[in-house]
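Notes for the one structure printed next.
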Amino acid sequence: MIELKHVCKRFGDKEILHDISAIMETGKANLIIGASGSGKTVLMKCMVGLLEIDEGEVLYDGVSFSSMSNIERKHIRKEIGMLFQGAALFDSMTVEQNVMFPLEMFSNMSYRERKKRVDACLDRVNLQDAHKKYPAEISGGMKKRVGIARAIVLNPKYLFCDEPNSGLDPQTSMLIDKLIHEITVEFNITTIINTHDMNSVMEIGDHIVYLYEGRKQWEGSNRDIIFSQDEKLNQFIFASQFLQDAKEMRQQALLHSNSSDTR
Amino acid sequence: MLLTHVGRYILMLKGMFTRPENWRMYWKEFMRQCVDIGIGSLSIVLIISVFIGGVSTIQTAYQLVSPIIPKSTIGQVVRDTMILEFCPTITSIVLAGVVGSKIASELGNMRVSEQIDALEIMGINTKSYLIFPKILAALLTVPMLVVISGFVGIWSGKIAGVVAGILSAQQYMQGIVLDFKPFNIVFALAKSYTFAFIISSIPAYFGYHVQGGALEIGQASTKAVVISCILILLADYGLAALLLQNG
Ligand SMILES: Nc1ncnc2c1ncn2[C@@H]1O[C@H](COP(=O)(O)OP(=O)(O)OP(=O)(O)O)[C@@H](O)[C@H]1O
Ligand SMILES: [Mg+2]
């Protein structure tokens, strides 16, 4: 569980995050959604300590992370896996070496065991034939998937994904969402996902935090979102006529199933 | 402004000294850097040494016109200028360009594309994992390159002298062993260690602290090279004043 208490972040005199409090639950996919520039990436970086927060507190399972020194943070960091918005793969290493890197650094596995683990992780993200390629030789979507494989290779307790499926086709995108959700539930991970993909919101949004210009505008589950009256949220989520229609249909279906439940 | 840079530079150096997360990986990175810095700049060092040696012989001969001075003095003068000044300083200035810009742009690119952040998130001290091996590798390989440069320079001085008909090989070799001070070698090595530290740590500082994008990486590596060169010349003067004036 990761707890945010009144988190504020400023760059110079520009306040990017205003007083954000939320609880990111374990074993659930916690989504942070919001328009481009609303502060999702900044919030995620504040949570992992890449940016220092100006006010408030971030707690990892009750332990205050934001007041720790960098050396104390190392322990928690070994249990964090993170996918960056631009994947941040190591240019000088092949795909396989990228995924193997955390294992080499932090595990005592033999080469055979490491190789097996790397193959398993790359298989899970549906990348079987890129092992020997360098990051410069693969597509943006493939980089994302390698980034995810690298983030999960050490079985993290906390998983951060900054837009895991931007730049992916709908099918791969669904696959990645399902994968992240599966491992979240299977290994009881605290997962935080930044996204503005409506499919992800509806499919895996166990817990959703909606940011609007650096403020928490709304919070709830993907079920609540269907019935939400929040105007800004509705404008953001159901932006097109198609999605409006889909929302109404889903509302009907849910209401219908509810009434047949109670009967 | 200058003070903030100096402060951050010292903090960076201080931050390198932590216990490695995994010795084997640090060793691997160190070896990679040795190959990159040492082997990678061997050819350019060989080329400049050959030319500096040749030019030194010809120009020394041009300046020593008096018939009372024996020809072997040319060899002696070439030897001492090569060892004392040309090999350590010119080699290091060229390496500041070759190695320095490489270190600055490699780290700058890693910073801008968030690779450094990715390492930090894994719980790795990036200062010790990325910067320390580079400085150690430079401290190991740059003095070696300077020694190689000395041999090659003095040897090519002989060839140039003989080919131009200035003096015979015997005369040159007589000059080489004449009144040889082993302290000069110590002095040259002291210089090369100092310069090695400058050309690795200064570019590392500028690369590691890049903010922005590709444009800033270019600016950082230019700055790194210019400042390294200036510091090399300052240190050159400082060491000469310190070690030679009472020696
Ligand atoms: N290092 C920084 N210095 C100054 N301002 C910054 C910095 N990083 C981000 N910002 C500002 O913070 C705001 C939020 O940026 P952020 O990257 O969090 O957006 P985002 O929600 O992740 O958007 P996107 O969906 O496009 O990734 C932006 O207005 C941006 O200009
Ligand atoms: Mg972002």
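Residue numbering restarts at 1 for every chain, and letters A, B, ... go by the order of the sequence lines.
B:K223 NZ: 12 or fewer foreign heavy atoms inside a 6.0 Å radius. For OH of B:Y237, the number of neighbouring non-hydrogen atoms (other residues, nucleotides, ligands) closer than 6.0 Å is 12 at most. Taking a 6.0 Å sphere around CZ of B:R24, one finds it holds more than 12 heavy atoms contributed by other residues, nucleotides or ligands. Atom NE2 of B:H5 sits in a crowded spot, with more than 12 heavy atoms from other residues, nucleotides or ligands closer than 6.0 Å. Within a 6.0 Å radius of CG in A:D169, more than 12 heavy atoms belonging to other residues, nucleotides or ligands are found. The environment of CZ in A:F187 is crowded: more than 12 heavy-atom neighbours from other residues, nucleotides or ligands sit within 6.0 Å.
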A:M82 vs B:E120, test: side chain to side chain contact (heavy atoms under 4.5 Å, CB included). Steps then yes/no.
CA-CA 11 Å; A:M82 179 159 175; B:E120 283 285 339; over 6 Å; no
Please test B:I121 against A:F160 for side chain to side chain contact (heavy atoms under 4.5 Å, CB included), starting from the C-alpha separation and ending with a verdict.
CA-CA 10 Å; B:I121 286 299; A:F160 293 84; over 6 Å; no
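Against chain B, the residues from residues 114-149 of chain A that qualify, each with a non-hydrogen atom under 4.5 angstrom away, are A:R114 in number order. Within residues 91-98 of chain A, the residues having any heavy atom under 4.5 Å from a heavy atom of chain B are, by residue number, A:D91, A:S92.
Contact annotation for A:L89: only backbone heavy atoms (N, CA, C, O) come within less than 4.5 Å of a heavy atom of chain B. Only the side chain of B:M25 comes within contact range of chain A, with heavy atoms under 4.5 Å apart. Interface remark: A:R73 contributes no atoms to any contact with chain B (heavy atom separation under 4.5 Å). Using a 4.5 Å cut-off between heavy atoms, B:N109 touches chain A through its side chain atoms alone.
Here the side chain of B:D117 pairs no donor or acceptor atom with the backbone of A:L50 at under 3.5 angstrom.
With rounding to the nearest 0.5 Å, the separation of CG in B:L119 from CZ in A:F101 is 5.0 Å. Remark: B:N22 CG to A:L103 CG distance equals 11.5 Å, nearest 0.5 Å. To the nearest 0.5 angstrom, A:N70 atom CG is 8.0 Å from B:N125 atom CG. Rounding to the nearest 0.5 Å gives a distance of 3.5 Å between NZ of A:K74 and CD of B:E21.
Scanning both residues, A:F84 and B:E114, for their nearest heavy atoms gives CD2-OE1, 3.3 Å. Minimum interatomic distance between A:M105 and B:Y26 (heavy atoms only, all atoms of both residues): CE-CE1, 4.2 Å.
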